[in-house]
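Scope of the values below: all heavy atoms of this structure, side chains included, with no hydrogens, waters or symmetry mates. Quick note on labels: first sequence line is chain A, next is B, and so on, each numbered from 1.
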2 protein chains.
Amino acid sequence: MARKVTLKSEATRARIFEAALRVFRERGFHAATMREIAAEAGVALGAAYYYFDSKNAIVMAFYEQAQQKMLPELERTLASSRTLESRLRAIIQQKFETFAPNRALLGALSAHIDPDHPLSPFSAATAGIRDRDTAFFERAIGESGVRLPPSILPYLPRLLWLYQMGLMLFWVYDKSARQARTALLFDKTLAMMLLLIKLAGVPLLRPLYRPAGELLKAIYGEG
Amino acid sequence: MARKVTLKSEATRARIFEAALRVFRERGFHAATMREIAAEAGVALGAAYYYFDSKNAIVMAFYEQAQQKMLPELERTLASSRTLESRLRAIIQQKFETFAPNRALLGALSAHIDPDHPLSPFSAATAGIRDRDTAFFERAIGESGVRLPPSILPYLPRLLWLYQMGLMLFWVYDKSARQARTALLFDKTLAMMLLLIKLAGVPLLRPLYRPAGELLKAIYGEG
DNA sequence: CGGAAAAGTTGAACGTGTTCAAAATTAGAT
DNA sequence: ATCTAATTTTGAACACGTTCAACTTTTCCG
């Protein structure tokens with residue numbers, strides 16, 4: 001990795017990065033080779049590895065850059081809407097739009113379930129990304145007047161993150177025209193989730209929420 | 001792949017297969033090399049590829065063999081129990097027991113979400129395995145008197161398969177002593193699911209089941 | 001400037017999964 | 001038994017991601 005932000009070297013890094021994205025888009029992440037990326041950027045193979053620890057690291061950099069780019073828009077969303085529904089809709093919609101030009105590449109970043117794999121959405125390596133994402137869901141809930149039992153509420157941000165991750169995965173591999181099936185999935189599942197949250201106060205569901213709370217504790221640990 | 005079942009060649013195939021499992025267990029799937037497997041089996045590198053199309057194919061063979069081994073026990077389970085709960089518990093427990101000696105290796109077979117990756121549980125390459133698995137859940141439901149709206153019932157086998165897959169994944173990566181967290185997860189989620197199915201008749205949930213049916217149709221297609 | 005340290009750049013080399021043409025062995029027919 | 005075709009076995013070769021020692025350029029201090 002580059003130590004200092006020398007302007008020249010930062011330009012080289014950017015050239016390699018953009019060459020990589022270009023090659024990824026053309027050939028797909030797997031078929032793309034580091035040699036081709038280096039050639040496309042006009043540097044030697046070793047230079048690519050001077051700036052990026054690995055092929056995977058380039059995808060990580062891509063995701064982090066995308067996350068940065070989304071920040072202002074997400075802030076605006078939180079400031080300009082109050083209900084959980086409008087916020088969730090906006091946040092997730094924003095992700096779709098941001099990643100649309102590199103939809104397939106996003107697959108490379110989330111193709112792995114294994115929490116030990118660096119590119120897994122559940123890995124330690126992606127914890128930073130995950131936490132920043134989750135923080136927005138936390139804020140989306142925080143000021144929106146959602147009522148949930150205290151045994152469940154603390155887990156809601158992480159559950160929403162999981163929900164959004166599932167949507168993104170479906171989207172990445174959705175081969176329908178203009179990802180219409182994902183749009184349908186989004187609409188219906190969002191409605192169901194909000195309905196579920198609304199129903200939380202109903203006594204009938206109490207026996208379901210108790211084990212649900214214990215379950216979440218078992219999975220995630222204490223709040 | 002071997003064309004005919006010559007006894008000699010079948011023995012060689014078995015030697016390579018068992019050598020592979022041994023090396024996988026010792027080194028892990030990733031660290032294991034085809035050269036080491038071949039050496040362990042006492043054949044040249046090329047021989048391993050004569051019998052198995054790829055390193056991945058060995059893991060597939062492993063899963064298919066395990067599935068075969070489970071068959072009689074699963075049949076016995078279906079014959080000797082009637083309730084959905086006892087059947088699900090037995091089927092899933094059977095899987096845990098069968099795969100326990102190669103728990104980590106199972107991770108290699110299910111580490112990928114990408115439906116295009118050969119080893120993904122959602123890929124075309126694993127469709128046969130998936131269908132055979134799902135068939136058992138279908139039979140487990142079929143004769144157990146479960147009542148569900150017809151807009152949902154047809155999807156239940158696939159949903160149960162998904163549930164079981166999730167459990168297995170959690171189990172594979174569960175680092176708690178004797179996978180105690182998975183046991184807890186199994187217990188609680190199974191209870192919740194059965195409760196949910198019981199509640200299906202309650203009018204209050206009707207507004208939730210309607211969109212649920214549409215959702216399933218959107219995901220899986222018609223029945 | 002001058003020169004040394006730091007930053008950047010190079011391409012050969014390693015170990016990997018996989019392929020393949022060639023060699024060795026076995027099976028089957030005459 | 002002999003010859004031919006099929007099956008099995010071999011190991012060199014390929015392209016890949018990655019490492020690294022050597023080389024070149026830039027930076028910085030006197």
* Specify the separation, in whole Å, of atom CD of A/E10 and atom P of C/dA7. => 14 Å
* Asked: Looking at A/D187 and A/R89, does any basic side-chain N land under 4.0 Å from a carboxylate oxygen?
  -> yes
* To do: Can you figure out which of D/dT10, C/dT10, D/dT7 approaches the side chain of B/Y50 most closely?
  => D/dT7
* To do: Verify the contact: side-chain N or O of B/S9 to OP1 or OP2 of D/dT7, cut-off strictly under 4.0 Å; return yes or no.
  => no
* Asked: On the ring face of A/F96, is A/R103 found with NZ or CZ under 6.0 Å from the centre and within 45° of the axis?
  -> no
* Asked: Between B/E75 and B/R139, is there a side-chain N and carboxylate O pair less than 4.0 Å apart?
  -> yes
* To do: Kindly give the heavy-atom pair with the smallest separation between A/P121 and A/H112, and that separation in Å.
  => CD-O, 3.2 Å
* Asked: Is the distance from OP1 or OP2 of C/dT26 to the nearest side-chain N or O of B/K8 less than 4.0 Å?
  -> yes
* Roughly how far apart are B/S54 OG and B/M34 CE, rounded to 0.5 Å? -> 7.5 Å
* Asked: What is the distance from CZ of B/R27 to P of C/dT16, rounded to the nearest Å?
  -> 10 Å
* To do: Scan nucleotides 13-19 of chain D nucleotide by nucleotide, 5' to 3', and note B when protein non-hydrogen atoms come under 4.0 Å of the base, S if they reach only the sugar-phosphate, - if neither.
  => B--BBBB
* Asked: Is the shortest side-chain N/O distance from B/T12 to OP1 or OP2 of D/dT9 below 4.0 Å?
  -> yes
* To do: To the nearest Å, give me how far apart CD1 (B/I16) and P (D/dT8) are.
  => 11 Å
* To do: Would you kindly say whether B/S80 and B/R76 are connected by a side-chain donor-acceptor distance under 3.5 Å?
  => no
